[in-house]
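Okay, so here's the structure we're looking at.
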Amino acid sequence: MPKKSYSIKHVLNKNLKPIVDPIDPSIKLYPVYVQLIYKRKNYLFKSIFTTYYTELNSPHKNDIDLMSFENDFLSNIIEFEITEKKEKFDVPRFAFKYEKYRRSIVAEAERLL
């Protein structure tokens with residue numbers, strides 16, 4: 001099996017304006033993004049879940065499962081895309097394509113339920 005040429009992890013996008021907690025205005029909450037590093041370049045794009053956090057040290061159990069699912073899902077898509085496109089694999093365009101893959105999976109899951 002070839003060595004992975006990329007890495008994926010979930011991060012908070014603190015470059016965006018935070019949401020302020022209505023109960024405690026000193027708490028700032030940030031959206032979760034996926035960080036993809038490919039060919040030593042760093043890319044961020046929105047994750048599939050909508051929970052906001054102050055830190056990602058201890059996410060909710062459901063979010064841990066969803067992060068794991070998203071990592072596996074992304075890995076499969078990225079490996080497919082790299083295999084198909086080889087050197088022409090373009091990560092900025094991939095973020096747009098990921099949104100389409102995601103919608104297709106959600107639509108299929110809803111149809112099966």
*Give a yes or no answer on whether the side chain of T83 reaches the backbone of E79 with a donor-acceptor pair at less than 3.5 Å.*
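Looks like yes, one N/O pair under 3.5 Å.
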
_Ring-ring centroid check Y53 H10, cutoff 6.0 Å_ =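 No - the distance between ring centres of Y53 and H10 does not fall below the 6.0 Å cut-off.
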
Heavy atoms, side chains only, cut-off 4.5 Å: are [X] and [Y] in contact?
X: L56; Y: M67; result: yes
X: L74; Y: F45; result: yes
X: L29; Y: P18; result: no
X: S47; Y: Y33; result: no
X: V32; Y: V11; result: no
X: L16; Y: P31; result: yes
X: N13; Y: Y30; result: no
X: I8; Y: Y6; result: yes

_Single-linkage hydrophobic cluster I82~F80, side-chain heavy atoms < 4.5 angstrom_ =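 Same cluster.
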
*Should Q35 and N42 be marked as a side chain to side chain contact (heavy atoms under 4.5 Å, CB included) after you check the CA-CA gap, both sets of side-chain angles, and the distance that decides it?*
CA-CA 7 Å; Q35 179 184 47; N42 203 350; 2.9 Å; yes

Atom [atom1] of [X] and atom [atom2] of [Y]: how far apart are they, to the nearest 0.5 Å?
X: L12; Y: N57; atom1: CG; atom2: CG; answer: 9.0 Å
X: N71; Y: I78; atom1: CG; atom2: CD1; answer: 9.0 Å
X: T54; Y: I19; atom1: OG1; atom2: CD1; answer: 12.5 Å
X: S68; Y: D63; atom1: OG; atom2: CG; answer: 12.0 Å

_Take a 6.0 Å sphere around NZ of K9 and say whether it holds more than 12 heavy atoms from other residues, nucleotides or ligands._
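Open.
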
*asked:* Can you tell me if K41 has over 12 outside heavy atoms packed within less than 6.0 Å of its NZ?
replied: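 Result for NZ/K41: open.
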
*Residues Y43, I37; criterion side chain to side chain contact (heavy atoms under 4.5 Å, CB included); working and verdict*: CA-CA 6 Å; Y43 302 92; I37 299 172; over 6 Å; no

_Results of ring-ring contact (aromatic ring centres under 6.0 Å, His included) for Y38 - residues two or more places apart only_ =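 Y38: ring-ring contact (aromatic ring centres under 6.0 Å, His included) contacts with F89.
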
*Please walk me through it: do S5 and K39 pass side chain to side chain contact (heavy atoms under 4.5 Å, CB included)?*
CA-CA 7 Å; S5 59; K39 290 191 174 181; over 6 Å; no

